[in-house]
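Below is one structure, written out as structure tokens; comments come after it.
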Amino acid sequence: MVNLSLVMATHNRDNYLREVLSRIQSFSWNYSRFVIINNDSSDETPKVLLEFREPLGLEIISLTENIGHGAGLAQGLRKLQVTGERPETVVFLEDDSIPQAGYLDFLVQAMQRHSFTLISSGGYLVKLGKRINLTPKAGEILKADFGLFDGAIAKLDDVMMQSPRG
């Protein structure tokens with residue numbers, strides 16, 4: 001089994017977040033760590049996170065300002081890299097995208113079959129300065145110039161920049 005962790009950044013999405021986390025709980029996914037970054041939410045998001053902290057083993061990073069989605073994900077990746085059990089792969093979940101039952105298994109199997117650094121639900125080729133949307137057939141994996149992080153799986157060491165040694 002792959003050593004896999006989940007990362008999600010959230011901001012003021014309490015209703016969606018509860019549905020996403022409930023769905024994940026119903027799947028009994030096999031992961032080693034689940035890091036959620038709360039980007040200074042002012043709604044009920046902190047309560048939802050506390051509700052699911054124990055059942056899903058959430059590691060919650062509560063920020064005092066909204067640093068944005070990408071910077072929030074970077075905080076989660078740094079936590080995975082420097083504390084606790086370091087995963088081989090990481091799946092980027094969205095706080096407003098309800099996952100389907102076989103989704104995680106599909107991603108893990110695709111990552112095991114291919115040598116890609118990142119496998120995403122959407123990607124593009126760039127030709128003559130224009131983005132060309134790729135439309136794979138069901139279950140097909142296509143090579144792309146860049147992909148979306150939403151719902152992607154990646155090899156942690158390949159997506160993290162290594163700090164220079166001083």
I need the minimum non-hydrogen distance between Ile24 and Pro99, along with the two atoms involved. CG1-CG, 3.9 Å

Does Arg13 have any salt bridge (Lys or Arg N to Asp or Glu O under 4.0 Å) partners at least two apart in sequence or in another chain, and if so, which? Asp95, Asp96

Is any side-chain N of the basic residue among Glu59 and Arg53 closer than 4.0 Å to the acidic one's carboxylate O? no

Can you give me the closest heavy-atom contact between Leu21 and Leu56, atom names plus distance? O-CD1, 3.7 Å

With no hydrogens and no angle check, do the side chains of Ser32 and Asn3 hold a donor and an acceptor under 3.5 Å apart? yes

At their closest point, which heavy atom of Tyr31 faces which heavy atom of Leu6, and how far apart are they? CD2-CD1, 3.6 Å

For Gly76 and Ile37 the tightest heavy-atom approach is CA-CD1, 3.7 Å

Between Ala154 and Leu118, which heavy-atom pair has the shortest distance, and what is it? CB-CD1, 3.9 Å

Worked check of ring-ring contact (aromatic ring centres under 6.0 Å, His included) between Phe27 and Trp29: CA-CA 5 Å; Phe27 295 151; Trp29 281 356; 5.5 Å; yes

Is there a continuous path of hydrophobic side-chain contacts, each under 4.5 Å between heavy atoms, that joins Leu80 to Leu63? yes

Contact summary for Asn39 and His69, nearest pair of heavy atoms: ND2-N, 4.1 Å

Check against salt bridge (Lys or Arg N to Asp or Glu O under 4.0 Å), Arg18 and Glu51: CA-CA 9 Å; Arg18 179 173 273 111; Glu51 175 184 333; 2.7 Å; yes

Single-linkage hydrophobic cluster Tyr16~Phe34, side-chain heavy atoms < 4.5 angstrom: no

Quick one: do Arg33 and Thr83 satisfy side-chain hydrogen bond (donor to acceptor under 3.5 Å, both in side chains)? Show the steps, please. CA-CA 11 Å; Arg33 298 175 67 189; Thr83 64; 3.2 Å; yes

May I ask you to check whether over 12 heavy atoms, not counting those of Arg23, lie within 6.0 Å of atom CZ? yes

Could you give me the CA-CA distance, side-chain angles and deciding distance for Leu156 and Thr89, then say whether side-chain contact (heavy atoms from CB on, under 4.5 Å) is met? CA-CA 5 Å; Leu156 182 64; Thr89 56; over 6 Å; no

Between Glu94 and Met8, is the side-chain contact (heavy atoms from CB on, under 4.5 Å) condition met? List the steps. CA-CA 6 Å; Glu94 294 298 309; Met8 177 190 297; over 6 Å; no

Is a side-chain donor or acceptor of Asn38 paired with a backbone partner of Ile60 at a separation under 3.5 angstrom? no

Please determine whether a side-chain nitrogen of the Lys or Arg among Glu88 and Lys155 lies less than 4.0 Å from a carboxylate oxygen of the Asp or Glu. no

Would you call Ile119 and Phe106 a side-chain contact if the rule is heavy atoms closer than 4.5 Å? no

Asp14 side-chain N/O to Asp43 backbone N/O, donor-acceptor pair under 3.5 Å: no

Following the transitive rule for hydrophobic clusters with a side-chain heavy-atom cut-off under 4.5 Å over Ile, Leu, Val, Met, Phe, Trp and Tyr, establish whether Leu50 and Ile36 coincide in one cluster. no

